[in-house]
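Notes to accompany the following structure.
Convention: sequence-line order gives letters A, B, ...; per-chain numbering from 1.
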2 protein chains.
Amino acid sequence: MVSTTTAAPVPAVPPKRSFREKMHLAREDAIISAVNRLLAEKGFESMTVDEVAAEVGIAKASLYKHFPSKEDLAAAAMVRVMDRARAFLDSLDVTRAPLDLLREVARWTMSVQLAGEMPSLPSENSTLRAVLTTNKAYVDGLMDVSDRLGEWITQAQAQGGINPALPPIAVLYTLYARACDPVLGFLKGTGQFNDEQIIDMVLSTCFDGLCTR
Amino acid sequence: MVSTTTAAPVPAVPPKRSFREKMHLAREDAIISAVNRLLAEKGFESMTVDEVAAEVGIAKASLYKHFPSKEDLAAAAMVRVMDRARAFLDSLDVTRAPLDLLREVARWTMSVQLAGEMPSLPSENSTLRAVLTTNKAYVDGLMDVSDRLGEWITQAQAQGGINPALPPIAVLYTLYARACDPVLGFLKGTGQFNDEQIIDMVLSTCFDGLCTR
DNA sequence: GTCTATATCACGATAGAC
DNA sequence: GTCTATCGTGATATAGAC
């Protein structure tokens, strides 16, 4: 019999429950990844729960043990992308000019879309909106991002970088709209430009406009 | 018995067939109007053929005597809006500066969307794209509009009005994208602006950019 | 060409065994 | 929690009488 003193160190907390918890989270993470990808590729209405289950490799009924509805699946994907956005904001050097920060945010948003990782939801679907607006994680994340961008927008307007004649809310929505700008896909479809060129062009039209400077 | 000489003048061509033809076209016109409105309100996937039939006031089976599929209904609505666009282009004073003409086109496009008359289609639906790309009236209309706008774009770039560093195709797509710009609806949803203010703001960001001039 | 009635099917969601 | 099998619903499209 082996002495108990040779046993590997045992954590004070039994690992079994923690392990199952990790597996549970990993499974949900795989689900959200599939949902995110399918939402980016086909949109909410065209995405089917069967496709999600097939991509994850589990049965559809198992999906519903994790998320109670298709709307909640989409909401989870939106929470994740919102978390990604907040992490990106955290990574920025806030000593830079607010206008540069906003430009980087737009660039990041468009790169996520071009990478096929930006979920796209219809803005008119009522049941989806109901789930989203009652999802605290999503609403909190959206407000956090909006507050931080709003701060930079007003600072950039005060410094003369952003047109002060524009209401800040209009600037904010214009930046948000880059996440679903169809121009990116159109330009990609021509096959004439690579992703970096596309982003640079749309960044140019977004911040400098179509007219000659 | 009344003399035949007192009869009302009779057209050389019997009107009966022409009348039925007019009724037929009027009915199809009503169908397309309903489709156009519903496409603008709910989008292609959420619009149901039952709704279209109900709004027109006819049975669903009658709809399918006029249009063979839901996709063809949407295509007909796209053809009509394309015809409206071409009529608007015809109405413009072509002696004006090309940049002004392009601005007017963007303004018209956004006003149509704000009026709830701009049908919105998904760009990824394959069956819909198949019907659209085989619809000669639609393809011809789209090419005609693109050609005319493309001419003005290159002229405006030659004259220094539009940034010559931008590929004309990027400028064209940026203008097209105003037809489905979600910023219009977002700003309208705030309740803080009227339609004219919204259009002016988005026109400003589109042509002059977010940055201060 | 218009109608009523129905075929057909895809999809979201659930039941129940393990 | 995962599975197989199924339900219920709503949608496109069609049959067939008039």
Side-chain angles (χ1 to χ4, degrees), chain A residues 16-32 34-35 38-39 41-77 119 121-122 124-132, chain B residues 16-32 34-35 38-39 41-77 119 121-122 124-132:
Chain A
K16 187 149 190 192
R17 176 154 167 50
S18 174
F19 174 75
R20 288 172 66 161
E21 190 76 12
K22 273 183 185 170
M23 292 305 297
H24 184 82
L25 289 179
R27 172 62 53 92
E28 292 201 340
D29 197 65
I31 294 173
I32 296 177
V35 169
L38 288 169
L39 278 183
E41 179 188 336
K42 328 180 55 166
F44 179 75
E45 329 247 307
S46 296
M47 178 190 79
T48 69
V49 180
D50 294 82
E51 285 172 330
V52 177
E55 179 145 335
V56 179
I58 63 176
K60 181 163 57 170
S62 304
L63 261 188
Y64 280 95
K65 296 288 182 180
H66 290 271
F67 299 92
S69 76
K70 182 184 179 185
E71 283 75 17
D72 287 277
L73 282 174
L121 305 182
E124 75 277 355
N125 190 312
S126 55
T127 73
L128 180 56
R129 284 202 78 80
V131 171
L132 273 183
Chain B
K16 190 151 190 189
R17 174 153 168 54
S18 172
F19 174 75
R20 288 173 65 163
E21 189 76 10
K22 274 183 184 168
M23 292 305 296
H24 185 83
L25 289 180
R27 172 61 54 89
E28 292 201 341
D29 197 68
I31 294 173
I32 297 176
V35 170
L38 287 169
L39 279 182
E41 179 188 336
K42 328 179 59 167
F44 179 74
E45 330 248 316
S46 297
M47 178 189 78
T48 69
V49 181
D50 295 82
E51 284 172 331
V52 178
E55 179 146 333
V56 179
I58 64 177
K60 181 166 51 172
S62 304
L63 260 190
Y64 278 95
K65 297 288 183 180
H66 289 271
F67 299 92
S69 76
K70 181 186 179 183
E71 282 76 17
D72 288 276
L73 281 175
L121 305 183
E124 74 276 359
N125 188 311
S126 56
T127 75
L128 180 55
R129 284 203 76 79
V131 170
L132 272 182

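When the C1' atom of D:dG10 is taken as reference, atom CD of B:Glu45 falls 15 Å away, rounded to whole Å. Residue B:Leu38 contributes atom CG, which lies 15 Å from atom C1' of D:dA11 at whole-angstrom precision. Between A:Leu63 atom CG and C:dA13 atom C1' the separation is 12 Å, expressed in whole Å. To the nearest angstrom, C1' of D:dT12 lies 16 Å from CZ of B:Phe67. Summarising the geometry, the separation between NZ on A:Lys42 and P on C:dA10 is reported as 13 Å, rounded to the nearest angstrom. Rounded to whole Å, the distance from CD on B:Glu28 to C1' on C:dT2 is 14 Å. Separating the CZ atom of B:Arg20 from the P atom of C:dG1 is a distance of 7 Å, rounded to the nearest angstrom. Between the C1' atom of C:dG1 and the CG atom of B:Leu25 lies a distance of 15 Å, rounded to the nearest Å.
In this structure A:Ser46 satisfies the side chain to side chain donor-acceptor pair (under 3.5 Å) test together with B:Glu45, sequence neighbours excluded. A search for salt bridge (charged side-chain N to carboxylate O under 4.0 Å, His left out) contacts involving B:Glu41 returns B:Arg37, not counting sequence neighbours. Every residue two or more places apart in sequence or in another chain that forms a salt bridge (charged side-chain N to carboxylate O under 4.0 Å, His left out) with B:Glu51 is listed here: B:Lys42. Contacts of B:Glu28 classified as side chain to side chain donor-acceptor pair (under 3.5 Å), with partners at least two apart in sequence or in another chain: B:His24, B:His66.
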Worksheet item: How would nucleotides 13-18 of chain D be written as a contact map, 5' to 3', with B for base contact, S for sugar-phosphate-only contact and - for no contact, using protein heavy atoms under 4.0 Å?
Response: BBB---
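In this structure, B:Met47 reaches the sugar-phosphate backbone alone: every heavy-atom distance under 4.0 Å involves primed, P, OP1 or OP2 atoms, never a base.
Proximity note for B:Ser62 (side chain, C-beta onward) versus D:dA11, C:dG12, C:dC3: the nearest is C:dC3.
Pairs engaging residues 56-77 of chain B under the salt bridge (charged side-chain N to carboxylate O under 4.0 Å, His left out) rule: B:Asp50-B:Lys60 [sequence neighbours left out].
Taking the side chain as every heavy atom from C-beta outward, B:Phe67 and B:Ile32 approach each other to under 4.5 Å.
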